[in-house]
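Report on one structure; see the data block that follows.
Only a predicted model underlies this, so the values are computations on that prediction, with no experimental measurement involved. So that the names make sense, note that chain A is the first sequence line, chain B the second, and so on, each numbered from 1.
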There are 2 protein chains.
Amino acid sequence: MLSKKTKYGLKALTYLASQDKQSPIQIAEIAKHENISQKFLESILLTLRRNGFLGSKKGKGGGYYLIKEPKDIPMTAIMRILEGPIAMVPCVSLNFYEKCDDCPDENLCSVHNLMLKIRDSALSVYRNTTLEDLIQMQTG
Amino acid sequence: MLSKKTKYGLKALTYLASQDKQSPIQIAEIAKHENISQKFLESILLTLRRNGFLGSKKGKGGGYYLIKEPKDIPMTAIMRILEGPIAMVPCVSLNFYEKCDDCPDENLCSVHNLMLKIRDSALSVYRNTTLEDLIQMQTG
DNA sequence: TATTATCCTATAGATTTAATAGGTTATACA
DNA sequence: TGTATAACCTATTAAATCTATAGGATAATA
């Protein structure tokens with residue numbers, strides 16, 4: 001299951017990316033528009049800022065804004081920050097690898113090899129999809 | 001994340017499918033061979049039996065055995081029973097569809113459309129992989 | 001009738017997720 | 001300079017889910 005955190009984060013990023021003006025957008029506006037708990041969204045946007053996706057400005061007229069061009073933000077990066085590993089098991093994860101406690105030999109593990117395929121299939125989607133593509137999907 | 005339940009279930013099925021003899025295999029043997037808690041595995045095999053994948057026999061010489069040919073058991077079926085929906089969000093699920101509370105229009109939701117692609121990519125793997133293929137993967 | 005092994009329900013413990021609380025800090029502007 | 005605004009930050013709670021275990025009931029074998 002995709003976590004609400006990731007879902008809301010993606011929606012917020014899409015909303016920010018689809019704005020014409022480059023002035024900051026308030027959390028409250030995004031939360032209202034996307035039907036998200038404002039406090040929860042607050043913590044999500046904070047994470048995205050700390051990881052270099054968003055900039056922010058405090059006080060009146062403040063809010064959040066994208067730091068990079070939507071076309072330069074691949075889904076792989078966003079997913080890894082919000083959702084964690086793209087792989088379904090740590091033993092096939094590129095960025096979060098961990099050996100299984102059971103399983104003496106990964107190469108002989110049927111689950112390992114199946115999940116390798118699943119990982120690759122997901123990667124091929126995420127690697128070829130940027131935030132800009134997400135906006136396209138939205139409108140068409 | 002793939003649940004332990006699914007992981008263990010897949011390992012058990014692979015183990016059963018890779019046996020030469022057609023006599024029942026005891027839970028204890030599978031659990032030992034695959035380093036799985038026997039009681040936990042018990043409940044998993046029970047689920048698989050109730051869903052028509054396994055047959056069982058009680059008493060001495062009893063155990064579990066496959067009902068169908070490994071080549072006739074697609075991963076889609078196993079995953080849906082053990083792990084639940086293949087889709088990461090209910091709104092793109094073929095077998096477990098649910099509308100999102102937020103989201104007035106699915107077609108305009110970027111998350112929806114992204115997860116549609118992810119679902120399709122996973123489906124293409126699961127649909128083209130049977131239990132027999134899992135054994136092949138196992139041996140290299 | 002004793003032994004074996006599955007069957008079945010309930011429940012406990014652990015972990016993760018989702019959301020809230022409550023205040024702090026920085027900025028704008030009158 | 002003071003007030004309103006809006007992000008910043010940590011901690012905590014509430015709910016859900018996952019993992020595992022307990023303890024006996026049932027059926028088959030010999």
Worksheet entry | Integer-rounded Å distance: D:dA7 P and A:E29 CD | 10 Å
Worksheet item: If you find the nucleotide of DNA chain D closest to B:K5 and the one closest to A:G59, which residue's nucleotide is nearer the 5' end?
Response: A:G59
Fill in: Per B:K58 side chain, nearest of listed nucleotides D:dA27, C:dA18, D:dA7
D:dA27
Worksheet item: In whole angstrom, what separates A:L82's CG from C:dT17's C1'?
Response: 14 Å
Worksheet entry | Distance, rounded to the nearest Å, where A:Q26 contributes CD and C:dT27 contributes P | 16 Å
Item to complete: Please determine if B:K7 and A:D102 form a salt bridge, counting it only when a charged side-chain N lies under 4.0 Å from a carboxylate O.
Response: yes
Worksheet item: D:dT3 phosphate, OP1 or OP2: any side-chain N/O from A:K60 under 4.0 angstrom?
Response: no
Response to the item:
Comparing nearest nucleotides in DNA chain D, the 5'-proximal residue of the pair A:G62, B:L2 is A:G62
Response to the item:
In whole angstroms, the gap separating P of C:dT9 from CD1 of B:I44 amounts to 17 Å
Worksheet item: Is the shortest side-chain N/O distance from A:R50 to OP1 or OP2 of D:dC9 below 4.0 Å?
Response: yes
Discussion item. Does either side chain, that of A:S121 or that of A:S124, offer a donor lying less than 3.5 Å from an acceptor on the other one?
Written reply: no
Fill in: Nearest-neighbour nucleotide for the A:E42 side chain, C:dA5, C:dA19, D:dC9 considered
D:dC9
Fill in: Rounded distance (Å) that lies between atom C1' of D:dT19 and atom CG of B:L41
13 Å
Worksheet item: When you check the phosphate oxygens OP1 and OP2 of D:dC8, does a side-chain N or O of A:S56 lie under 4.0 Å from one of them?
Response: yes
Practice prompt. Would you tell me whether B:S110 and B:N113 have side-chain atoms, one donor and one acceptor, within less than 3.5 Å of each other?
Written response: no
Worksheet entry | Separation of atom CZ in B:F40 from atom C1' in C:dT11, rounded to whole Å | 15 Å
Worksheet item: So what does B:K39 hit on the nucleic acid, given a heavy-atom distance under 4.0 Å: a base, only sugar-phosphate, or nothing?
Response: base
Worksheet entry | From C:dA28, C:dA5, D:dA20, nucleotide with atom closest to B:K4 side chain | D:dA20
Practice prompt. Answer with base, sugar-phosphate or nothing: what part of the nucleic acid does A:I27 contact at a heavy-atom distance below 4.0 Å?
Written response: sugar-phosphate
Worksheet item: Reckon A:R49 has a side-chain N or O less than 4.0 Å from the OP1 or OP2 of D:dA7?
Response: no
Discussion item. If I compare all heavy atoms of B:G52 with all of B:K68, which pair ends up nearest, and what's the gap?
Written reply: O-CE, 4.0 Å
Discussion item. Tell me whether the side-chain N/O atoms of B:S37 come closer than 4.0 Å to OP1 or OP2 in D:dT21.
Written reply: yes
Worksheet item: Between atom CE in B:M1 and atom C1' in D:dC18, what is the gap in whole Å?
Response: 11 Å
Worksheet item: For the residue pair B:H33 and B:Y15, does the interplanar ring angle fall in the parallel (under 30°), tilted (30 to 60°) or perpendicular (over 60°) class?
Response: tilted
Worksheet item: Which whole-number value in Å describes the distance from A:L46 CG to C:dT24 P?
Response: 17 Å
